[in-house]
Amino acid sequence: QVQLVESGGGLVQAGGSLRLSCAASGSAFNLRPVGWDRQAPGKRREQVATITSSGSTSYANSVKGRFTISRDNAKKTVYLQMNTLKPEDTAVYYCTYRHLGVWGQGTLVTVSS
């Protein structure tokens, strides 16, 4: 059984930075693509970033150049480094194995103006 647990959310001022972590349990972590999604209040969930098993990355246009996704296979952990945060980045951020339909419980990021 796979499980994803996010941490690192919080309150930050616009222009600041946060790093989210996603700890995975279960087997074959190093073979799986992992992503970050987010859902802002009153909005649909959207894809933010993805990292493949080989380390290739992709990003939503809204976060390109500001967010960086990375993984540490030895620690079974994926990170989302978020820089130059904007109020519109405020959302619950979820770690996900989209191909398995698995999401974590989410961590709230609030960016104040």
Original post:
Under 4.5 Å between any side-chain heavy atoms of Leu100 and Val2, yes or no?
Top reply: yes
Subject >> Nearest-0.5 Å distance, OG of residue Ser7 to CD of residue Gln105 >> reply: 8.5 Å
**OP:** Tell me yes or no: between the side chains of Thr77 and Asp72, is some donor less than 3.5 Å from an acceptor?
**Re:** no
**OP:** Please report the closest heavy-atom contact between Val63 and Val48, naming both atoms and the distance.
**Re:** CG2-O, 3.7 Å
**OP:** Report yes if some heavy atom in the side chain of Thr107 is under 4.5 Å from a heavy atom in the side chain of Tyr94; otherwise report no.
**Re:** no
Original post:
Heavy-atom distance under 4.5 Å between the side chains of Val34 and Cys95, does that happen here?
Top reply: yes
**OP:** Consider only side-chain heavy atoms of I, L, V, M, F, W and Y, link residues closer than 4.5 Å, and tell whether Val102 and Trp36 are in one cluster.
**Re:** yes
Original post:
Any side-chain donor-acceptor pair under 3.5 Å between Thr50 and Arg98?
Top reply: yes
Original post:
Distance from Trp103 atom CH2 to Tyr97 atom OH, nearest 0.5 Å?
Top reply: 13.5 Å
Original post:
Just one of Asp89, Leu20, Val12 clears the side chain to side chain contact (heavy atoms under 4.5 Å, CB included) bar with Met82, so which one?
Top reply: Leu20
**OP:** Look up atom OG in Ser112 and atom CD in Gln13, then write down how far apart they are to the nearest 0.5 Å.
**Re:** 5.0 Å
Original post:
At their closest point, which heavy atom of Thr68 faces which heavy atom of Tyr59, and how far apart are they?
Top reply: CA-OH, 3.4 Å
Original post:
Closest approach of Ala14 and Ser113, non-hydrogen atoms and distance?
Top reply: CB-CA, 4.4 Å
Subject >> Separation between CG of Leu31 and OG of Ser54, rounded to the nearest 0.5 Å >> reply: 11.0 Å
Original post:
When you check the side-chain N and O atoms of Gln39 and Asp37, is any donor under 3.5 Å from an acceptor?
Top reply: no
Original post:
Side chains of Ile69 and Tyr79: closer than 4.5 Å at any heavy-atom pair?
Top reply: no
Original post:
If you round to the nearest 0.5 Å, how far is OG of Ser62 from CD of Gln47?
Top reply: 11.5 Å
Subject >> Side chains of Gln81 and Ser17 in contact at under 4.5 Å (non-hydrogen atoms) >> reply: yes
Subject >> Interatomic distance, Gln3 atom CD to Ser25 atom OG [nearest 0.5 angstrom] >> reply: 4.5 Å
Subject >> Non-hydrogen side-chain atoms of Leu18 and Leu80 separated by less than 4.5 Å >> reply: no
**OP:** Tell me, please, whether Phe29 has Arg71 positioned over its six-membered ring: NZ or CZ under 6.0 Å from the ring centre and within 45 degrees of its axis?
**Re:** yes
Subject >> Arg38 NZ/CZ over Tyr93 ring centroid, <6.0 Å and within 45° of normal >> reply: no
**OP:** Over all heavy atoms of both residues, which pair between Lys64 and Asn61 is shortest? Give the atoms and the distance, please.
**Re:** NZ-OD1, 3.3 Å
